[in-house]
Amino acid sequence: MEYISNTLGNLVEQTAFMNLTFGNLIMIAVACVFLYLAIRHEFEPLLLVPIAFGMLLVNIYPDIMLHAEDAANGTGGLLYYFYQLDEWSILPSLIFLGVGAMTDFGPLLANPKTALLGGAAQFAIFGSLVGAVVLSTYVPGINFTLEQAAAISIIGGADGPTSIFVASKLAPELLGAIAVAAYSYMALVPLIQPPIMRALTTDAERKIKMTTLRKVSKVEKIIFPLVVLSLTILVLPDATPLIGALCLGNFARESGVVDRLSDTMQNSLINIVTIFLGLGVGSKLASEQFLVPETLGIMVIGLLAFAAGTAGGVIMAKLMNLVSSKDNQINPLIGAAGVSAVPMAARVVSKEGQLYDKSNILLMHAMGPNVSGVIGSAVAAGVLLSIFK
């Protein structure tokens, strides 16, 4: 009888229920909120579902993230290997490969001045750098180095892959928190951006109808990625892994002779990478790693930076309208798409514009700054890497 009692007691002690901390319960609740937003409101479920599951797994069963060197048999936990792919910065470039294959640069080429909107939104990256330094100076318990501050700053561009790419090189110890902040705010674009867009624009501005975009030739679309790649390699070689993958994916799309490769990049490859990336990000959300002052500081910086990036794009559009003719006005809403969350931000802009005029189709116009934002965040990453690496 005593043997049975001891055996049952040992089994109970080995269950997850006996090992859950209050912090684990908080993170499990956060994961459930992410799943609710993904399922009920469809806030980027492709991102939130794997991230939330990774969060659940690592907080219910921490050994799933066990480092191979700490395991008795020398074999790490499942999510340890997913995270390794993030840490080696393999996945960000593969994501850019798929994004390039899925993206039409036509709207940007048809209206090149919208690149200024994407550029304006990237000022939030350098604002985040300053914000991280200020927090380290004045907030007890937070002490970021310049390299860590630079890695954190990429969150301001709302670009998850680029954030992981930079963090893996400058501040791998903060990779989990930075990735979570970047991807969380990317997924919450439909909640964060509309209030800022409404606060900075009038009803009349939201109803501005832009002229139809010109048709971009196939030759232009083929030459563009080659030009972007060449300039990047010559001026900012540190950004080449991201820009190179983006340009390769887009060139495969526009060339029209490697449809099988392009289709794989757009579908199978990017879907597989998204699963790995989401689980890898979620795996770094164990309570003891996430519920610390530094992580909370990163989340605050990320939110403010994302808001600043959105505002920067909108304000730039309003300034451009001051020097544009009445027949060539820009709807300031499309400036919000200057952040790198592609195509999420463009879809939000389109939906917001149709709330005020159902006949106003802004999606293709918003893709111009959205695409330039992707390129801009990668260029900003190259600048930071060249300075702090």
Practice problem: Return yes when atom CZ of F53 has more than 12 non-hydrogen atoms of other residues, nucleotides or ligands closer than 6.0 Å, and no otherwise. | Solution: no
Quiz item: Should we say atom NZ of K113 is surrounded by more than 12 heavy atoms from elsewhere, each under 6.0 Å from it?
Solution: yes
Is a donor on one side and an acceptor on the other found under 3.5 Å between the side chain of [X] and the backbone of [Y]?
| X | Y | answer |
| --- | --- | --- |
| K169 | A151 | no |
| Q266 | D263 | no |
| S168 | F165 | yes |
| N331 | M210 | no |
| N370 | M367 | no |
| N250 | D104 | no |
| S283 | G280 | yes |
| N271 | N267 | yes |
| S93 | I90 | no |
| Q193 | P190 | no |

Practice problem: Report the C-alpha distance between L91 and T274 in whole Å, list the side-chain angles of each, state the deciding distance to 0.1 Å, and finish with yes or no for side-chain contact (heavy atoms from CB on, under 4.5 Å). | Solution: CA-CA 8 Å; L91 300 184; T274 300; over 6 Å; no
Is any side-chain heavy atom of [X] closer than 4.5 Å to a side-chain heavy atom of [Y]?
| X | Y | result |
| --- | --- | --- |
| P107 | T114 | no |
| F105 | I375 | yes |
| L94 | I270 | no |
| T211 | D327 | no |
| R253 | V258 | no |
| L269 | L97 | yes |
| R198 | Y356 | yes |
| N321 | P332 | yes |

Drop me the distance from [X]'s [atom1] to [Y]'s [atom2], to the nearest 0.5 angstrom.
| X | Y | atom1 | atom2 | result |
| --- | --- | --- | --- | --- |
| L174 | T295 | CG | OG1 | 7.5 Å |
| I208 | N360 | CD1 | CG | 9.0 Å |
| F251 | I223 | CZ | CD1 | 10.0 Å |
| S230 | I243 | OG | CD1 | 12.0 Å |
| Q122 | D159 | CD | CG | 8.0 Å |
| F126 | L384 | CZ | CG | 5.5 Å |

Self-check item: side-chain contact (heavy atoms from CB on, under 4.5 Å) evaluation trace for V300 with L135
Solution: CA-CA 10 Å; V300 170; L135 275 182; 5.5 Å; no
Quiz item: Hey, is R214 close enough to E220 for a salt bridge, meaning N to O under 4.0 Å?
Solution: yes
Quiz item: Do E254 and K218 sit within salt-bridge range, that is, some charged N less than 4.0 Å from a carboxylate O?
Solution: no
Without hydrogens or angle criteria, can the side chains of [X] and [Y] be said to hold a donor-acceptor pair below 3.5 Å?
| X | Y | value |
| --- | --- | --- |
| S324 | Q329 | no |
| N328 | S325 | no |
| K209 | S359 | yes |
| E173 | Q148 | yes |
| S136 | N143 | no |
| S128 | S153 | no |
| T201 | R206 | yes |

Single-linkage hydrophobic cluster, 4.5 Å side-chain cutoff, [X] and [Y] together:
| X | Y | answer |
| --- | --- | --- |
| M344 | I154 | yes |
| V133 | F123 | no |
| L231 | I233 | no |
| M364 | V349 | no |
| V281 | L296 | no |

If you take all heavy atoms of [X] and [Y], which pair is closest and at what distance?
| X | Y | value |
| --- | --- | --- |
| G382 | A239 | CA-CB, 3.8 Å |
| I298 | A181 | CG2-CB, 4.1 Å |
| L175 | A167 | CD1-CB, 3.7 Å |
| P369 | L117 | CB-CB, 3.8 Å |
| L236 | S386 | CD2-OG, 4.4 Å |
| P225 | C247 | O-SG, 3.3 Å |

Quiz item: Does the side-chain contact (heavy atoms from CB on, under 4.5 Å) test come out yes or no for I164 and I178, once each step is laid out?
Solution: CA-CA 7 Å; I164 291 174; I178 290 172; over 6 Å; no
Quiz item: When you look at T21 and N59, which way does the side-chain contact (heavy atoms from CB on, under 4.5 Å) test go after all the steps?
Solution: CA-CA 9 Å; T21 65; N59 282 284; over 6 Å; no
